[in-house]
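Quantities reported herein were computed from a predicted structural model and do not represent experimental measurements.
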Amino acid sequence: HKGLRVVEGTLENAQYPAGYFDTIILWHVLEHVPSPRSTLGSVYPILKPGGHVFIWCPNAGSYMADFFNQFWAGWHIPFHLSHFTPETMKSLILGTSFQPLMIRAVTPDFLFPKSLEAYIRNEKKSLRKVINSKMTGSLLFRGIAALFFRFFDGLFSGKGECLQVEIMKSGNANGM
């Protein structure tokens with residue numbers, strides 16, 4: 001454990017005291033839980049007033065989801081129970097006591113190789129010999145792809161592959 005306190009189980013069952021955390025990171029979490037609103041409801045009381053929550057999740061409204069269609073890695077069915085777009089994420093947050101600070105769509109380099117591999121494996125078998133998982137997973141390929149993604153993210157605002165969200169518990173709110 002290297003000096004870290006590790007709690008196994010769900011957030012709802014962890015029983016942290018009120019105002020315990022300054023910051024909570026939900027890195028690819030909300031799409032896996034049965035009720036994202038309930039999860040945010042469980043986060044709210046254990047966050048200090050003025051505390052921040054950072055959320056990352058796939059953007060179902062992304063250009064990658066449109067391009068790869070059913071092979072897009074962000075669907076990740078049956079493990080992803082919910083899929084978000086900037087609009088549905090905003091709606092989710094506005095239904096809570098959190099103050100939205102930022103919702104933006106960005107394209108990291110780690111989902112694209114998975115989508116590309118699924119597409120090639122299922123649709124373009126002739127490309128298997130040219131493109132393989134060792135190539136798409138290489139740092140060089142991911143670095144070059146990342147440059148293109150920055151360009152496309154700028155060109156297609158709100159259409160990046162992942163949602164990057166920052167919300168805050170206001171200093172005077174009493175709960176959800």
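When the side chains of ILVMFWY residues are joined at heavy-atom separations under 4.5 Å, either directly or via intervening members, F67 and F71 end up in a single hydrophobic cluster. Hydrophobic cluster membership is shared by L155 and M64, with clusters built from Ile, Leu, Val, Met, Phe, Trp and Tyr side chains linked at under 4.5 angstrom. In terms of hydrophobic clustering, with Ile, Leu, Val, Met, Phe, Trp and Tyr side chains grouped at heavy-atom distances under 4.5 Å, F21 and V53 are assigned to a common cluster.
Aromatic ring pairs are classed by plane angle as parallel below 30°, tilted from 30° to 60° and perpendicular above 60°; the pair F54 and H52 is parallel.
The CD1 atom of I55 lies 9.5 Å from the CG atom of L163; values are rounded to the nearest 0.5 Å. Interatomic distance, CZ of F79 versus CD1 of I77, reported as 11.0 Å (0.5 Å rounding).
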Could you go step by step and tell me if I24 and I46 meet the side chain to side chain contact (heavy atoms under 4.5 Å, CB included) rule? CA-CA 9 Å; I24 295 176; I46 62 174; 4.0 Å; yes

Working note: L11 + V43, criterion side chain to side chain contact (heavy atoms under 4.5 Å, CB included); need CA distance, chi angles, decisive distance, verdict. CA-CA 8 Å; L11 179 62; V43 163; 3.3 Å; yes

Verdict with supporting geometry, L47 and T23, side chain to side chain contact (heavy atoms under 4.5 Å, CB included): CA-CA 7 Å; L47 192 65; T23 301; 5.7 Å; no

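What you find for L26 and L30 is that their closest heavy atoms are CD1-CD2, 4.2 Å. The minimum heavy-atom distance between L92 and P36, with the atom names listed, is CD2-CB, 4.0 Å. Taking both residues in full, the closest heavy atoms of R5 and Y16 are given as NH1-CE2, 3.3 Å, listed atom of the first, atom of the second, then distance. Closest heavy-atom contact between P86 and N59: CD-OD1, 3.3 Å.
Within the 3.5 Å criterion, the main-chain N or O of G74 finds a donor-acceptor partner in the side chain of H80. Proximity of a side-chain donor or acceptor of R104 to a complementary backbone N or O of V165 within less than 3.5 Å is not detected. Judged by distance alone, with hydrogens and angles left aside, the side-chain atoms of K159 form no donor-acceptor pair with the main-chain N or O of Y63 at under 3.5 Å. Without hydrogens or angle criteria, K169 side chain to Y44 main chain gives a donor-acceptor distance under 3.5 Å. Between the W56 side chain and the V29 main chain, no donor and acceptor come within less than 3.5 Å of each other. Not a single donor-acceptor pair under 3.5 Å links the side chain of D22 to the backbone N or O of G51. Without hydrogens or angle criteria, S42 side chain to S38 main chain gives a donor-acceptor distance under 3.5 Å. Checked by atom type and distance alone, the side chain of D66 never pairs as donor or acceptor with a backbone atom of G61 at under 3.5 Å.
The shortest side-chain heavy-atom distance between M89 and C57 falls under the 4.5 Å cut-off. At least one side-chain heavy atom of L40 sits under 4.5 Å from a side-chain heavy atom of F98. Side chains of V106 and E161 form no contact here, defined as non-hydrogen atoms less than 4.5 Å apart. Between I167 and L101, every side-chain heavy-atom pair lies at or beyond the 4.5 Å cut-off. Two residues are said to be in side-chain contact when any heavy atoms from C-beta on lie closer than 4.5 Å; S62 and W72 meet this criterion.
Side chains of E31 and H83: a donor-acceptor N/O pair is absent below 3.5 angstrom, by distance only.
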